[in-house]
Colleague: 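Below: one structure in structure tokens.
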Amino acid sequence: MAASMNNFDLTGGDLQWAQDVWTRTRAKIEAQCGRVGSGIPYIARDGRYGDKAAESIYWWTNGFWPGILWLMYAETGSKTCRRAAEAVETRLDTALAGYEGLHHDLGFMWTLSAGMDFKLTGNPLSRVRALHAANLLAGRYNPRGRFIRAWNKGHSGWIIIDSMMNLPLLYWASKEIEDPRYRYIAQDHADTVLKYLVRPDGSCNHIGILDVDTGALLETPAGQGFASGSSWSRGQAWALYGFALSYAHTGERRYLETALRIARYFTGEVSRFGFTPPVDFRAPEEPKKLDTSAGMIAAAGLLFLAGISENAEKDSNFGTAMKLLKTAEASYADWDTGRDSIIQMGTAQYHGKPEECHVPLIYSDYFFMESVYRLLHPGFEIW
Ligand code: GLY
């Protein structure tokens, strides 16, 4: 990484907490691996994950289960977890070959599956898969507008804040094949997102629609949050972590300053809600809709940010991350090893289906686990 990692020292209480939680996570994931295996979980219902890939091999969350399994493998060397992660990675080849259903979330899907496999085992086929995914992501770049388009048909000028978490696949590819093209695309996109989606107060739009020929901003419609101009909490979390990662990979201070600005905003907002984020910080008080996944992604991002920055906000960002993690663990964790999923109370989108509101989401578990893993192994590179 271009930015130096100075990381953080865990004090006794936090260290004990992280070790205890990891022990319970390990028991939970080992039991879950026995049940889920090479299935690809998304939302758990009545304590059981189904196989989202049977419905859509292209679904954007299909990399989080292998990500969880690889974190377990990194810590324990579990052959069972490794075999399940490898089997999921092989299943995802159908998506790479099928192409038509692929979208802007190639980074989520292949960074945590093939990318993690290559980092941990050196498997050459995994490297090829991750490079292939990076090329497909780079192929979505619009050189006039200087952005990576979101979604497919009918969305040619659309950019979204979530895309910031897909850029590490491009930074990795540039480094891997010693060619800056992918990094140039990632930086152009990050600069466009910074210009049009990040607001001066550190809050973010979810979506921007740009003129495909000039890149001029046309509209910022509502997305997964409450409304246009509101503040979808998971989007703020993606932006926080994504800009921190863009800084880490490029050393460009504007990305660090942006990540810190978003972190200040997120901390101020989430502290008003007792450190469990609502789906949207600017939604009406009723109906009350919470999204623990936003808190877990923000916690992972804040820990990463605390690990790469040396400013006065390092302690504050670390402190917010610990409050987010401890609040979720104390209020919304299910440690019963007979049931799938750890963190409950996630919500896919504000105006989404009722059956996707206040549910266990696979990415809440992934980012909870990544955060705890990072507390115990601060220098570990994932994204
Ligand atoms: N597509 C990313 C999200 O729903 O947060």
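Both counts, for ligands and for their atoms, begin at 1 and track the order of listing. Just so you know, these numbers use all the heavy atoms, side chains as well, and skip hydrogens, waters and symmetry mates. Please read all numbers here as calculations on a predicted model, not as lab measurements. Numbers for residues simply follow the sequence, beginning at 1.
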Colleague: Any heavy atom of Trp232 sitting closer than 4.0 Å to ligand 1?
Modeller: yes
Colleague: Between CG of Asp105 and CH2 of Trp59, what distance do you get to the nearest 0.5 Å?
Modeller: 9.0 Å
Colleague: Quick check on Asp105 - does any of its heavy atoms sit under 4.0 Å from an atom of ligand 1?
Modeller: yes
Colleague: Under a 4.5 Å side-chain heavy-atom rule over Ile, Leu, Val, Met, Phe, Trp and Tyr, are Tyr141 and Tyr184 clustered together?
Modeller: no
Colleague: Is it the case that over 12 heavy atoms from other parts of the model lie below 6.0 angstrom from the CZ atom of Arg146?
Modeller: no
Colleague: Any heavy atom of Tyr363 closer to ligand 1 than 4.0 angstrom?
Modeller: no
Colleague: Return yes if some donor-acceptor pair links the side-chain N/O of Lys175 with the main-chain N/O of Arg183 below 3.5 Å, else return no.
Modeller: no
Colleague: Can you sort out which atoms of ligand 1 are near Trp238, meaning under 4.0 Å from one of its heavy atoms?
Modeller: 2 (C), 3 (C), 5 (O)
Colleague: Quick one: which ligand 1 atoms are inside 4.0 Å of a heavy atom on Gln224?
Modeller: 3 (C), 4 (O)
Colleague: Return the residue, atom name and 0.1 Å-rounded distance of the protein heavy atom closest to atom 2 (C) of ligand 1.
Modeller: Asp162 OD2, 3.0 Å
Colleague: State whether the side chain of Asn62 and the backbone N or O of Met109 hold a donor-acceptor pair below 3.5 Å, judged by distance alone.
Modeller: no
